[in-house]
Amino acid sequence: DFSGTWRLDEERSISPTYPGYVGPVVWVITQSPGSLAVEIKRGERAYTVTFTILDKPPAGPPPRPPSYRAHWEDETLITETTQDIGGQTVVTREARLLQNNGREMIIERIVQVEHGYTVRGARSYGSGRDTFVKQ
């Protein structure tokens, strides 16, 4: 159960190294069998995202934005957010895992930008790992 208040450990996370980072980052998570609500606080800004937890991994590509869905892979909760940013579809896939007796939440993140073309050797995605500590 990921429910609780989580603070980003800036020393062990990639997010603070990105341009435009605003901290501190605190997530307040409420989990039920069918949903995961995440209130995200970044500095003075706050917003909530609610994921529908599916019974099995989704088949096919994510639906048109905005969409928020999740599924379990063993003890890892996979969340997928699809949104439109500047006219381009951006898909964020996060693998969430509890460690250290549930006191730490590790998030492995992949962000994919679907811009409609490919260039040899160019990446259309970014990835990183963040560590949150339960408060």
Side-chain angles (χ1 to χ4, degrees):
D1 186 358
F2 291 92
S3 295
T5 300
W6 301 88
R7 179 177 292 276
L8 180 69
D9 183 332
E10 294 182 1
E11 297 295 318
R12 298 188 295 156
S13 299
I14 191 73
S15 288
T17 67
Y18 293 130
Y21 171 78
V22 175
V25 175
V26 176
W27 289 6
V28 179
I29 298 177
T30 306
Q31 181 180 337
S32 69
S35 69
L36 182 84
V38 183
E39 180 186 6
I40 300 168
K41 299 175 185 177
R42 294 177 177 261
E44 299 298 315
R45 185 172 177 235
Y47 57 96
T48 300
V49 176
T50 301
F51 297 91
T52 299
I53 300 177
L54 306 173
D55 293 332
K56 59 184 177 179
R64 296 186 56 82
S67 88
Y68 310 95
R69 63 186 184 181
H71 69 278
W72 288 99
E73 291 181 6
D74 297 319
E75 293 184 7
T76 302
L77 182 63
I78 308 297
T79 60
E80 190 175 79
T81 303
T82 306
Q83 50 192 327
D84 182 53
I85 298 176
Q88 295 180 326
T89 299
V90 177
V91 177
T92 303
R93 186 175 192 270
E94 296 177 333
R96 302 165 189 262
L97 181 64
L98 294 176
Q99 291 185 343
N100 193 14
N101 293 322
R103 301 298 307 163
E104 293 181 347
M105 177 175 57
I106 307 301
I107 300 187
E108 296 280 348
R109 181 178 298 114
I110 297 175
V111 178
Q112 174 93 32
V113 179
E114 298 176 10
H115 44 64
Y117 61 89
T118 58
V119 176
R120 184 174 299 200
R123 288 182 24 179
S124 62
Y125 67 93
S127 62
R129 177 184 170 133
D130 285 333
T131 300
F132 285 79
V133 177
K134 196 165 197 176
Q135 302 295 290

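The first residue in the sequence is number 1, and the count goes up from there.
A search for salt bridge (charged side-chain N to carboxylate O under 4.0 Å, His left out) contacts involving Glu73 returns Arg93, not counting sequence neighbours. Partners of Ser32 according to the side chain to side chain donor-acceptor pair (under 3.5 Å) rule, which considers only residues two or more places apart in sequence or in another chain, are Ser35. Remark: Asn101 pairs with no residue by the side chain to side chain donor-acceptor pair (under 3.5 Å) rule, at least two apart or across chains. With sequence neighbours excluded, the residues satisfying salt bridge (charged side-chain N to carboxylate O under 4.0 Å, His left out) with Arg109 are Glu94, Asp130. For Pro57, the side chain to side chain contact (heavy atoms under 4.5 Å, CB included) partners two or more places apart in sequence, or in a different chain, are His71. Not counting sequence neighbours, the partners of Glu80 by the salt bridge (charged side-chain N to carboxylate O under 4.0 Å, His left out) test are Arg69. When the side chain to side chain contact (heavy atoms under 4.5 Å, CB included) test is applied to Arg42, the partners found at least two apart in sequence or on another chain are Val25, Ile40, Tyr47. With sequence neighbours left out, the side chain to side chain contact (heavy atoms under 4.5 Å, CB included) criterion links Glu39 to Val28, Lys41, Ala46, Thr48. The side chain to side chain donor-acceptor pair (under 3.5 Å) test applied to Ser3 returns Asp1, not counting sequence neighbours.
Residues Ala37 and Thr50 come closest through the heavy atom pair CB-OG1, 3.8 Å. The minimum heavy-atom distance linking Val133 with Gln135 is given by the pair O-NE2, 3.2 Å.
Checked by atom type and distance alone, the side chain of Ser13 pairs as donor or acceptor with a backbone atom of Thr131 at under 3.5 Å. Side-chain atoms of Arg96 do not come within 3.5 Å of backbone N or O of Ile107 as any donor-acceptor pair.
Screening residues 20-35 for salt bridge (Lys or Arg N to Asp or Glu O under 4.0 Å), with sequence neighbours left out, gives no hits. The salt bridge (Lys or Arg N to Asp or Glu O under 4.0 Å) analysis of residues 3-15, with sequence neighbours excluded, yields the pairs Asp9-Arg12, Arg12-Glu104.
To the nearest 0.5 Å, atoms CG (Leu8) and CH2 (Trp27) are separated by 8.5 Å. One finds the CG atom of Asp84 at 5.5 Å from the OG1 atom of Thr89 (value rounded to the nearest 0.5 Å).
Under the 4.5 Å side-chain contact rule for hydrophobic residues, Val22 and Tyr18 do not share a cluster. Hydrophobic cluster membership is shared by Trp6 and Val49, with clusters built from Ile, Leu, Val, Met, Phe, Trp and Tyr side chains linked at under 4.5 angstrom.
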- So Ile29 and Phe132, side-chain contact (heavy atoms from CB on, under 4.5 Å) or not? Walk me through it. CA-CA 12 Å; Ile29 298 177; Phe132 285 79; over 6 Å; no
- Task: Would you please test Trp72 and Ile53 for side-chain contact (heavy atoms from CB on, under 4.5 Å) and show each step?
- Result: CA-CA 8 Å; Trp72 288 99; Ile53 300 177; 3.9 Å; yes
- Determine, stepwise, if the pair Val38 / Phe51 fulfils side-chain contact (heavy atoms from CB on, under 4.5 Å). CA-CA 8 Å; Val38 183; Phe51 297 91; 4.2 Å; yes
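Leu98 places a side-chain heavy atom less than 4.5 Å from the side chain of Phe2.
Within a 6.0 Å radius of CD in Gln99, other residues, nucleotides and ligands contribute more than 12 heavy atoms.
Through ILVMFWY side-chain contacts below 4.5 Å, Ile106 is grouped with nothing and stands alone.
Checking each of Asp74, Thr76, Leu77 against Leu97 for a side-chain contact (heavy atoms from CB on, under 4.5 Å) leaves exactly one that passes, namely Thr76.
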